Amino acid sequence: MPETQKASNILSLYWKCQIIGWGIVSLLWLYIALVRDRFGITDALTNYVLDVAICIGLTHAYRAIALKKGWGRLGIKKLLKRAVPSILMLSVLFMFLMNIKMSVYIYMFNGSNTFSENLLLWNPVLITGIRHMSIWVLAYHGYKFYVREIDTAKKNAQLLVMAKQTQLDNLSAQLNPHFLFNSLNSIKALTLENPKIARRAIDLLSDLLRSSLYGKEYTAITIAEELALVKDYVELEQLRFEERLKVKMDIDDTLKSHTIPPLSIQLLVENAIKHGIDQQLDGGTVEISVRTDSDHILITVKNPGILSTKEHKGLGLKNLSERLLLQYGETAELEIGAPRELMIEATLKIPINKK
């Protein structure tokens with residue numbers, strides 16, 4: 001929202017509060033004028049309008065001074081040093097103006113000159129002025145303080161988002177070469193073993209690059225899109241491993257529209273092939289499952305192999321863990337374990353995005 005429009009909206013709110021607030025407060029004085037002082041309806045309404053005008057005039061003058069002096073930027077202690085004397089001054093002015101108004105009314109309708117005695121009369125109107133002016137000043141600065149804190153919180157939130165986005169961009173910059181390097185290594189092996197299949201591998205890599213590396217920037221991708229990427233990657237690897245690599249998928253179709261960090265499943269599959277299938281003489285099966293557990297999506301990748309410390313310290317998994325922390329905080333986690341002998345299981349736990 002443009003600053004001028006924002007200022008206009010705030011000013012509009014201020015005048016609405018001024019008119020409605022003092023209009024409601026002055027209703028009591030209108031009632032007293034009609035019932036106790038027995039004013040006629042015209043005189044009572046005139047008196048009511050003057051009461052509202054006096055209160056708005058005094059408080060608006062205070063607001064103008066506070067804005068000019070920059071009191072809204074002061075801390076509580078410094079503000080109180082200026083607000084308390086101002087409240088007393090406003091209350092005295094309130095009393096004088098109310099007494100002058102009453103003296104004018106008496107003079108106009110009764111012909112009695114009571115100006116001098118009313119100006120020197122410290123009557124209960126002063127207490128009324130102190131009460132109402134204190135409430136107004138506290139409410140005004142309370143609202144200004146609230147707006148200032150909200151603006152500060154918004155700016156801090158924007159800075160935090162920018163910082164997180166920068167971190168995510170840096171992580172993505174690390175991950176893409178990592179992914180490309182491993183894919184090129186696979187193609188390198190194929191060029192020696194079977195040049196014809198290597199050409200097909202290059203086509204697959206081209207598709208992978210187009211969809212995962214040179215597409216639009218994002219921090220989330222649907223499970224369906226991620227699985228399509230995984231299938232291309234698996235086909236690329238199957239060209240090299242042939243019958244040694246098999247893949248079994250168990251996917252809950254109702255979860256395919258939910259979003260996850262890009263290249264997350266692909267990374268787990270890549271690790272399963274690199275640290276599992278590639279280390280087994282006869283290869284094996286990579287099992288991929290996507291299901292729900294309470295408020296989370298559980299993505300599990302299993303492969304034959306022996307769990308080693310390398311699988312916890314690799315750049316890819318470290319990268320993924322940092323992305324999870326940035327995007328989901330403590331609500332997401334990555335676990336790697338060995339549920340049984342010669343079996344490695346990686347589980348990605350991601351909170352379900354509410355639609």
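Computed from a predicted structure; not experimentally measured. Residue numbers count from 1 along this sequence.
- A salt bridge is defined here as a Lys NZ or Arg NE, NH1 or NH2 lying under 4.0 Å from an Asp or Glu carboxylate O, and K256 with D253 meets this definition.
- Under the 4.5 Å side-chain heavy-atom criterion for Ile, Leu, Val, Met, Phe, Trp and Tyr, V290 and M249 are members of the same hydrophobic cluster.
- The shortest distance between side-chain heavy atoms of E225 and P262 does not fall below 4.5 Å.
- Taken from CZ in R244 to OG1 in T285, the straight-line distance is 12.5 Å, to the nearest 0.5 Å.
- At a threshold of 4.5 Å between side-chain heavy atoms, the hydrophobic network of Ile, Leu, Val, Met, Phe, Trp and Tyr places V286 and L298 in two separate groups.
- Checked by atom type and distance alone, the side chain of H258 never pairs as donor or acceptor with a backbone atom of P351 at under 3.5 Å.
- Atom CE of M89 has 12 or fewer heavy atoms from other residues, nucleotides or ligands within 6.0 Å.
- Nearest approach of I65 to W71, heavy atoms of both residues: CG2-CH2, 4.2 Å.
- For E149, the CD atom counts as densely surrounded, since its 6.0 Å shell holds more than 12 non-hydrogen atoms of other residues, nucleotides or ligands.
- One N or O on the side chain of E226 and one on the backbone of I265 form a donor-acceptor pair closer than 3.5 Å.
- Interatomic distance, L30 CG to D51 CG, rounded to the nearest 0.5 Å: 8.5 Å.
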Q | Stepwise side chain to side chain contact (heavy atoms under 4.5 Å, CB included) check, N271 with I344 | A | CA-CA 10 Å; N271 264 25; I344 301 172; over 6 Å; no
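- I273 places a side-chain heavy atom less than 4.5 Å from the side chain of F241.
- Heavy atoms only, all atoms of each residue included: A66 and H141 are closest at CB-CE1, 4.4 Å.
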Q) Taking it one step at a time, do W29 and T128 satisfy side chain to side chain contact (heavy atoms under 4.5 Å, CB included)? A) CA-CA 11 Å; W29 303 330; T128 300; 3.8 Å; yes
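- Under the 4.5 Å side-chain criterion, counting only non-hydrogen atoms from C-beta, I223 is in contact with I297.
- Nearest heavy atom pair, residue N303 against residue M343, reads O-SD, 3.4 Å.
- Taking each heavy atom of A346 and L268 in turn, the nearest pair found is CB-CD2, 4.0 Å.
- Here the CG atom belonging to L320 is positioned 10.5 Å from the CD atom belonging to Q266, to the nearest 0.5 angstrom.
- Atom NZ of K81 has 12 or fewer neighbouring heavy atoms from other residues, nucleotides or ligands inside a 6.0 Å radius.
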Q) Could you walk me through whether H60 and W15 pass the ring pair (Phe, Tyr, Trp, His ring centres under 6.0 Å) check? A) CA-CA 10 Å; H60 185 66; W15 283 112; 4.8 Å; yes
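- Both I350 and I352 sit in one connected hydrophobic cluster of ILVMFWY residues. Membership requires side-chain heavy atoms under 4.5 Å apart, directly or through other members.
- Proximity of L90 to V137: side-chain heavy atoms (C-beta onward) are separated by under 4.5 Å at one or more points.
- The closest donor-acceptor contact from the side chain of S321 to the backbone of L317 lies under 3.5 Å.
- Cluster membership for L50 and L34, using ILVMFWY side-chain heavy atoms within less than 4.5 angstrom, is not shared.
- Going from atom NZ of K231 over to atom CD of Q238 covers 12.0 Å, rounded to the nearest 0.5 Å.
- A donor-acceptor pair under 3.5 Å is formed between the side chain of R82 and the backbone N or O of K78.
- The shortest distance between side-chain heavy atoms of L236 and D232 does not fall below 4.5 Å.
- The shortest distance between side-chain heavy atoms of E345 and T300 falls below 4.5 Å.
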**Q.** side chain to side chain contact (heavy atoms under 4.5 Å, CB included) between S257 and T222, worked out
**A.** CA-CA 5 Å; S257 61; T222 64; 5.6 Å; no
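- With hydrogens and angles ignored, the 3.5 Å screen pairs no side-chain donor or acceptor of E335 with any backbone N or O of L348.
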Q: Please test L67 against K144 for side chain to side chain contact (heavy atoms under 4.5 Å, CB included), starting from the C-alpha separation and ending with a verdict.
A: CA-CA 11 Å; L67 289 174; K144 295 292 286 185; 4.3 Å; yes
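- Between P261 and Q327 the shortest side-chain heavy-atom distance falls below 4.5 Å.
- Side-chain N or O atoms of Y48 include one that pairs as donor or acceptor with a backbone N or O of G23 at under 3.5 Å.
- The aromatic rings of Y140 and W136 lie parallel to each other, their planes meeting at an angle below 30°, with 60° marking the opposite boundary.
- When all heavy atoms of G305 and Q280 are compared, the pair lying nearest together is CA-NE2, 3.6 Å.
- Atom NZ in K248 sits 9.0 Å away from atom NZ in K302 (nearest 0.5 Å).
- Relative to the ring axis of Y14, R63 places its NZ or CZ within 45° and under 6.0 Å from the centre.
- Residues Q18 and I56 share a closest heavy-atom pair of NE2-O, 3.7 Å.
- For the atom pair CZ (F94) and CD1 (I130), the distance works out to 11.0 Å, reported to the nearest 0.5 Å.
- Under 4.0 Å is where a charged nitrogen must lie from a carboxylate oxygen, and between D293 and K349 no such pair does.
- Tracing side-chain contacts under 4.5 Å through hydrophobic residues (I, L, V, M, F, W, Y), one never reaches Y62 starting from L138; they form parts of separate clusters.
- Taking 4.5 Å as the limit, every side-chain heavy atom of I221 sits out of range of all side-chain heavy atoms of T259.
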